[in-house]
Amino acid sequence: MIIPLLTGHSLRMGNQTTVTEFILLGLSSDPQLQIVMFFVFLVIYIITLAGNTVIMLVIRAHSQLHTPMYFFLSHLSFVDICYSSVTIPKILVNLLTMNKTISVNACFTQMFFIFFSASCESLILSAMAYDRYAAICDPLHYVGTMNKRVCRQLVGGSWTISIMHSLLNTIPVLQLEFCGPNEIRHFSCELPQILTLSCTETLANKIALLSSVLVIGLGSFLLMLVSYIHIISTILRIRSAEGRRKAFSTCSSHLIVVTLLYVTALVQYMKSSYVSSLVLDQVFSIQYSILTPMLNPIIYSLKSKEVKIALGRILKRSSSQSI
């Protein structure tokens, strides 16, 4: 009879070792640099939580912001909070402790929510692009086109597709065996790094990953591209410079956010393997999974006149009550 022996990060059974924990190597092994990074990521996380929460509360509190664009923005803010909360708390813990392990189940759970948050963010941004297309290119029918039912269907569809995308990539990973190295050369459990540690065939997982990323990522990107081609074409046909400025200002925030997200994501996944490096991969991952959720509420707050007015009213009200 073979008796299993549980040892630290693996379960040894006969001659086969099954990994039960992964080690997240993180961003640096320098103790002093880790302390600096801890405070940097802590500040980023606080700004992300505070900024996106304020955006959600302001939109909910002011009836002037109860429009399709801000309905989508409130959901985007919630997704950004989820996106940051999936990775940053674990990064903060690992920066302060010597034990940088994460259980296999916890790692797969983190991977599921990374897929979900990234997919949902991309799809909601696509819905926002369609909203801007309807507002600028067909303003006479905008109220009917972007009614409450359509907005809820777009958001509901984004959540549903994101869950299906996450399950499509997570469930097959549960069937893999990990019996060799257990060090993930990254700060989070992303699928490409996990697949390199498997001691079983991962071709099906790689095909599922590539197919789903192309369908959702490229599909949403093409939808936004087509929308903005029509938007720019319509704006250029506006005769007055003031009219063009006002039309462009309604979609400038969204365009900046989309550019930040997609430039880094596309370069990350489409770059040649010859220029691939651990540092480069981590820089891109930090950009689209940590910095973008922090920058989104800042961009919308600075670029949206309605949000700035609503924030000003809240600050004025709170200061008058404190006197």
Side-chain angles (χ1 to χ4, degrees), residues 44-86 116-136 139 142-162 220 224 227-228 231 246-261 290-322:
I44 290 174
Y45 190 48
I46 292 171
I47 293 174
T48 301
L49 292 181
N52 285 289
T53 301
V54 167
I55 289 288
M56 292 169 63
L57 293 176
V58 167
I59 292 173
R60 185 177 181 86
H62 290 266
S63 58
Q64 298 93 330
L65 301 181
H66 293 176
T67 62
M69 181 174 70
Y70 293 107
F71 173 76
F72 294 132
L73 179 58
S74 64
H75 282 271
L76 181 67
S77 294
F78 180 76
V79 171
D80 282 337
I81 290 174
C82 295
Y83 209 168
S84 294
S85 298
V86 169
F116 171 78
S117 301
S119 304
C120 203
E121 174 137 346
S122 176
L123 292 169
I124 289 177
L125 285 171
S126 297
M128 295 175 77
Y130 178 71
D131 170 69
R132 292 300 83 204
Y133 160 78
I136 294 173
Y142 176 71
V143 175
T145 303
M146 298 302 298
N147 56 56
K148 288 185 179 181
R149 182 176 61 85
V150 171
C151 293
R152 288 169 182 162
Q153 287 176 343
L154 288 171
V155 169
S158 299
W159 284 74
T160 303
I161 293 172
S162 299
S220 58
M224 283 186 273
S227 297
Y228 271 103
I231 289 170
K246 288 183 177 179
F248 182 74
S249 66
T250 64
C251 58
S252 60
S253 301
H254 179 263
L255 190 58
I256 293 171
V257 169
V258 168
T259 302
L260 283 173
L261 179 67
I290 295 175
L291 293 181
T292 297
M294 179 191 71
L295 293 173
N296 284 353
I298 296 174
I299 292 169
Y300 276 101
S301 298
L302 293 176
K303 298 291 291 183
S304 174
K305 182 180 178 181
E306 293 85 355
V307 172
K308 285 191 286 188
I309 292 173
L311 282 171
R313 289 175 179 172
I314 290 178
L315 292 175
K316 186 181 295 184
R317 188 184 308 164
S318 61
S319 62
S320 62
Q321 289 176 350
S322 62

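Keep in mind that the numbers below use all heavy atoms, side chains included, and drop hydrogens, waters and symmetry copies.
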Distance check, rounded to the nearest 0.5 Å: Leu255 atom CG versus Met224 atom CE? 10.5 Å
Determine the sole option in Ile124, Leu123, Asn296 for which the side-chain contact (heavy atoms from CB on, under 4.5 Å) test with Val79 is passed. Ile124
Any idea how Trp159 and His75 line up, ring-wise: parallel (<30°), tilted (30 to 60°), or perpendicular (>60°)? perpendicular
For Ala129 and Ser227, which heavy atoms make the closest approach, and how far apart are they? O-CB, 3.9 Å
Side chain Ser122, main chain Ala118, donor-acceptor under 3.5 Å: no
If you look at every heavy atom in Pro68 and Cys151, which pair is closest and at what distance? CB-SG, 3.6 Å
Is there a donor-acceptor pair under 3.5 Å between the side chain of Thr53 and the backbone N or O of Ala50? no
Main-chain N/O of Thr48 paired with Asn52 side-chain donor or acceptor, under 3.5 Å: yes
If we ignore hydrogens and angles and just use 3.5 Å, is the side chain of Ser249 paired with the main-chain N or O of Lys246 as donor and acceptor? yes
Does the pair His254 and Tyr228 meet the rule for a side-chain contact (heavy atoms from CB on, under 4.5 Å), with working shown? CA-CA 11 Å; His254 179 263; Tyr228 271 103; 2.7 Å; yes
Does atom CZ of Phe78 have more than 12 heavy-atom neighbours from other groups under 6.0 Å away? no
What's the shortest heavy-atom distance between Thr145 and Ala134, and which atoms? CG2-CB, 4.2 Å
What is the minimum heavy-atom distance between Val155 and Phe71, and which atoms define it? CG2-CE2, 3.4 Å
Side chains of Met128 and Val258, heavy atoms from C-beta outward: is any pair under 4.5 Å? no
Do Phe116 and Val86 touch side chain to side chain, with heavy atoms closer than 4.5 Å? no
From CA spacing to verdict: side-chain contact (heavy atoms from CB on, under 4.5 Å), Val58, Tyr70: CA-CA 10 Å; Val58 167; Tyr70 293 107; over 6 Å; no
Return the minimal non-hydrogen interatomic distance between Arg132 and Thr250, and the atom names on each side. CD-O, 3.3 Å
Which value, rounded to the nearest 0.5 Å, describes the distance between Ser74 atom OG and Met69 atom CE? 11.5 Å
For His62 versus His66, what's the shortest heavy-atom pair and its separation? O-CD2, 3.3 Å
Please determine whether side-chain contact (heavy atoms from CB on, under 4.5 Å) holds for the pair Ile55 and Leu76, giving the CA-CA distance in whole Å, both sets of side-chain angles, and the decisive distance to 0.1 Å. CA-CA 10 Å; Ile55 289 288; Leu76 181 67; over 6 Å; no
Any side-chain heavy-atom pair from Tyr300 and Val257 closer than 4.5 angstrom? yes
What I'd like to find out is whether the side chain of Leu295 reaches to under 4.5 Å of the side chain of Ile256, using heavy atoms alone. no
For the residue pair Tyr142 and Asp131, establish whether any side-chain heavy-atom pair is separated by less than 4.5 Å. yes
First locate atom CZ of Arg152, then atom CG of Asn147, and finally report the distance between them rounded to the nearest 0.5 Å. 9.5 Å
Return the OG to CD1 distance between Ser117 and Ile81, rounded to the nearest 0.5 Å. 11.0 Å
Out of curiosity, Ile136 CD1 to Cys251 SG, how far, rounded to the nearest 0.5 Å? 4.0 Å
Contact check, side chains of Leu49 and Ser85, non-hydrogen atoms, under 4.5 Å: yes
